[in-house]
Engineer: 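Sharing a structure, written as structure tokens. Questions coming.
Given the structure is predicted, the values throughout are model-derived calculations rather than measurements.
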Amino acid sequence: MHNAANDPLRPRFTAFVRERQQDFYKLAYSYVHNQDAAMDMVQNAIVQALGSLHRLRQPQYMETWFYRILVNACLSYLRTAGRVVLVDQLPPQSAPHSDLDRAMDIDRALDQLPPKLKTVIVLRYFEDRPLQQIAMMTGVGLSCAKGRLYRALQALQRILGEELEELQQLEAKNPAATGTYRDREEPLR
């Protein structure tokens, strides 16, 4: 049995968690839509990561490694607990066609996507991750991540019944984030 307290990466991991804890919470909340459950997901992911920190062979991938643990924890939670949103947890309705209404429409549409497609959208547009990193975080090849993003955008278009030009324009403005295997300096692991 490995003693996580003596792991040489523990101080680096602890600093990483402290620095990024708000980002982790936001990501978890985007999946579970409940403050307590999101905090639980982050805590569970941290505990799991601490328990397997000694198996992290390439510390430079700590961020990708942890995000993958967190996303998997959220997906596992959704599979086992289902998704229940209490009425008092929803934000109050505002004027028609407001930014809040639009955000709620997108949020509802995201919840209708299969988890693998939702993950790519959340990581790409809400976490601003490049596709190369998304591929690593989800354990798939770059072409698979691109395909999932394309399918997710098409599904969102069908669900929302309108063009998602904003998201597609973001993608067009940042073509370097999509890259190819030859463009990368580091191999996928």
Side-chain angles (χ1 to χ4, degrees), residues 2 4-86 89-91 100 103-104 106-140 142 144-145 148-149 152 156 167 170-171 174 177 186 188-189:
H2 182 77
N6 295 329
D7 196 305
L9 288 177
R10 187 179 174 112
R12 182 174 166 189
F13 180 73
T14 302
F16 165 70
V17 168
R18 283 190 180 132
E19 179 182 311
R20 303 290 305 277
Q21 64 187 347
Q22 194 63 29
D23 295 332
F24 303 148
Y25 170 78
K26 287 179 195 174
L27 178 62
Y29 188 84
S30 74
Y31 279 91
V32 299
H33 301 285
N34 176 287
Q35 291 178 353
D36 293 332
M39 290 179 2
D40 286 346
M41 293 303 97
V42 172
Q43 183 176 357
N44 291 345
I46 291 170
V47 168
Q48 183 180 351
L50 282 171
S52 59
L53 193 57
H54 66 283
R55 288 186 255 154
L56 179 60
R57 291 185 187 104
Q58 296 178 310
Q60 69 268 28
Y61 294 116
M62 182 181 292
E63 179 181 14
T64 300
W65 172 77
F66 183 74
Y67 267 93
R68 188 170 183 181
I69 292 171
L70 180 57
V71 166
N72 286 338
C74 292
L75 293 175
S76 177
Y77 171 83
L78 291 175
R79 276 192 301 272
T80 59
R83 187 174 184 296
V84 177
V85 175
L86 301 176
Q89 293 174 336
L90 292 173
L100 179 59
M104 288 176 64
I106 291 172
D107 191 46
R108 285 188 203 110
L110 281 172
D111 287 340
Q112 293 178 42
L113 293 177
K116 289 179 181 180
L117 298 184
K118 179 180 178 178
T119 297
V120 174
I121 291 288
V122 168
L123 291 173
R124 181 72 184 106
Y125 297 108
F126 295 89
E127 291 291 319
D128 200 30
R129 300 289 173 179
L131 279 168
Q132 297 166 334
Q133 195 173 42
I134 293 169
M136 290 172 44
M137 289 177 172
T138 56
V140 299
L142 183 59
C144 182
R148 285 181 183 177
L149 179 62
L156 286 174
L167 290 178
L170 283 174
E171 190 68 28
N174 194 4
E186 304 170 302
L188 285 178
R189 303 264 181 231

Engineer: Using 0.5 Å steps for rounding, measure from the CE atom of Met137 to the CG atom of Leu70.
Structural biologist: 9.5 Å

Engineer: Would you check if Met41 and Phe24 make a side-chain contact, meaning some heavy-atom pair closer than 4.5 Å?
Structural biologist: no

Engineer: What pairs with Arg20 under side chain to side chain donor-acceptor pair (under 3.5 Å), at least two apart in sequence or on another chain?
Structural biologist: Asp23, Glu63, Tyr67

Engineer: Heavy atoms only: give me the nearest Ala145-Val120 pair and the separation to one decimal.
Structural biologist: O-CG1, 4.0 Å

Engineer: For Trp65 and Ala49, which heavy atoms make the closest approach, and how far apart are they?
Structural biologist: CH2-O, 3.3 Å

Engineer: Calculate, to the nearest 0.5 Å, the distance between atoms CE and CG belonging to Met62 and Leu56 respectively.
Structural biologist: 5.5 Å

Engineer: Could you grab the distance from atom NZ of Lys118 to atom CZ of Phe126, nearest 0.5 Å is fine?
Structural biologist: 9.0 Å

Engineer: Please report the closest heavy-atom contact between Tyr31 and Val122, naming both atoms and the distance.
Structural biologist: CE1-CG1, 4.4 Å

Engineer: Got a second to check how far Leu110's CG is from Ser30's OG, nearest 0.5 Å?
Structural biologist: 8.0 Å

Engineer: Can you list the residues that meet the ring-ring contact (aromatic ring centres under 6.0 Å, His included) rule with Phe13, with sequence neighbours excluded?
Structural biologist: Phe66

Engineer: Do Val42 and Gln21 touch side chain to side chain, with heavy atoms closer than 4.5 Å?
Structural biologist: no

Engineer: Closest approach of Ala28 and Ala38, non-hydrogen atoms and distance?
Structural biologist: CB-O, 3.7 Å

Engineer: What's the separation between atom OG1 in Thr64 and atom CD1 in Ile134, rounded to the nearest 0.5 Å?
Structural biologist: 10.5 Å

Engineer: Does Gln43 have any side chain to side chain donor-acceptor pair (under 3.5 Å) partners at least two apart in sequence or in another chain, and if so, which?
Structural biologist: none

Engineer: Give the minimum heavy-atom separation between Ala152 and Leu113, together with the two atoms involved.
Structural biologist: O-CD2, 4.2 Å

Engineer: Got Asp111 and His33 here, is their nearest side-chain heavy-atom distance under 4.5 Å?
Structural biologist: yes

Engineer: Would you say that Thr138 contacts Leu123 through its side chain, given a criterion of any heavy-atom pair below 4.5 Å between the two side chains?
Structural biologist: yes

Engineer: Can you find a heavy atom in the side chain of Tyr61 that is under 4.5 Å from one in the side chain of Met136?
Structural biologist: yes

Engineer: Nearest 0.5 Å please: distance from the CZ atom of Arg148 over to the OG1 atom of Thr119.
Structural biologist: 8.0 Å

Engineer: Between Arg124 and Arg129 (side chain of the first, backbone of the second, donor and acceptor by atom type, cut-off under 3.5 Å), is there such a pair?
Structural biologist: yes

